[in-house]
Amino acid sequence: VQLQASGGGLVQAGGSLRLSCAASGSIFSGNAIAWYRQAPGKERELVAGITSGGSANYVDSVKGRFTISRDNAKNTVYLQMNSLKPEDTAAYYCNAGFYDSRGSYHSYDYWGQGTLVTVSS
């Protein structure tokens with residue numbers, strides 16, 4: 001397994017969870033890592049990404065609530081999710097990729113298995 005996501009669960013609205021994405025060294029090193037999510041009946045969307053240098057990007061709906069970080073010594077990326085809302089309910093996937101010169105994220109075909117986040121109202 002090249003990307004392993006964990007940390008999902010059931011939480012009440014307003015609560016917090018921290019997701020982890022452990023990657024093999026060959027995947028982690030030099031690549032951006034991103035979190036996507038997919039809710040039932042909806043398309044997968046990019047939630048947050050972090051470059052190899054540590055620059056973070058977020059979709060507008062999670063700015064100020066989610067924080068992405070990476071621990072290069074552990075080949076792990078974290079997604080700290082605070083003030084969770086029912087609309088954050090989804091399967092969350094981590095992915096390796098890169099940002100182009102315009103700041104757009106592009107996925108490589110390396111995906112974790114997904115971890116389910118359920119936020120109750």
Trace of the side chain to side chain contact (heavy atoms under 4.5 Å, CB included) decision for Val59 with Leu46: CA-CA 7 Å; Val59 68; Leu46 177 63; over 6 Å; no
Residue list, side chain to side chain contact (heavy atoms under 4.5 Å, CB included) with Ser52, at least two apart or on another chain: Arg70
Side chain to side chain contact (heavy atoms under 4.5 Å, CB included) assessment of Gln4 paired with Gln113: CA-CA 7 Å; Gln4 183 87 27; Gln113 82 286 5; 3.5 Å; yes
Answer whether the closest heavy-atom distance between the side chains of [X] and [Y] falls below 4.5 Å.
X: Asn72; Y: Phe28; value: yes
X: Thr67; Y: Leu79; value: no
X: Thr115; Y: Leu19; value: yes
X: Tyr36; Y: Ser107; value: yes
X: Tyr58; Y: Ile68; value: yes
X: Leu3; Y: Ile27; value: yes
X: Arg44; Y: Asn95; value: no

Salt-bridge criterion met for Asp88 and Lys85 (N-O under 4.0 Å): no
Arg37 and Tyr92 side chains, donor-acceptor separation under 3.5 Å: yes
Donor + acceptor pair across side chains of Ser16, Asn82 (<3.5 Å): yes
Derivation of the side chain to side chain contact (heavy atoms under 4.5 Å, CB included) call for Val117 and Thr89: CA-CA 5 Å; Val117 172; Thr89 295; 5.8 Å; no
Asp100 atom CG, neighbour heavy-atom count above 12 within 6.0 Å: yes
Greater than 12 external heavy atoms within 6.0 Å of Tyr110's OH: no
Pair Tyr105 and Tyr99, ring centroids less than 6.0 Å apart: yes
Ring centres under 6.0 angstrom apart (Trp35, Phe66): no
Heavy-atom closest contact (Arg65 atom, Leu84 atom, distance): NH1-CA, 3.8 Å
Cluster link Val62 to Val119, ILVMFWY, side chain under 4.5 Å: yes
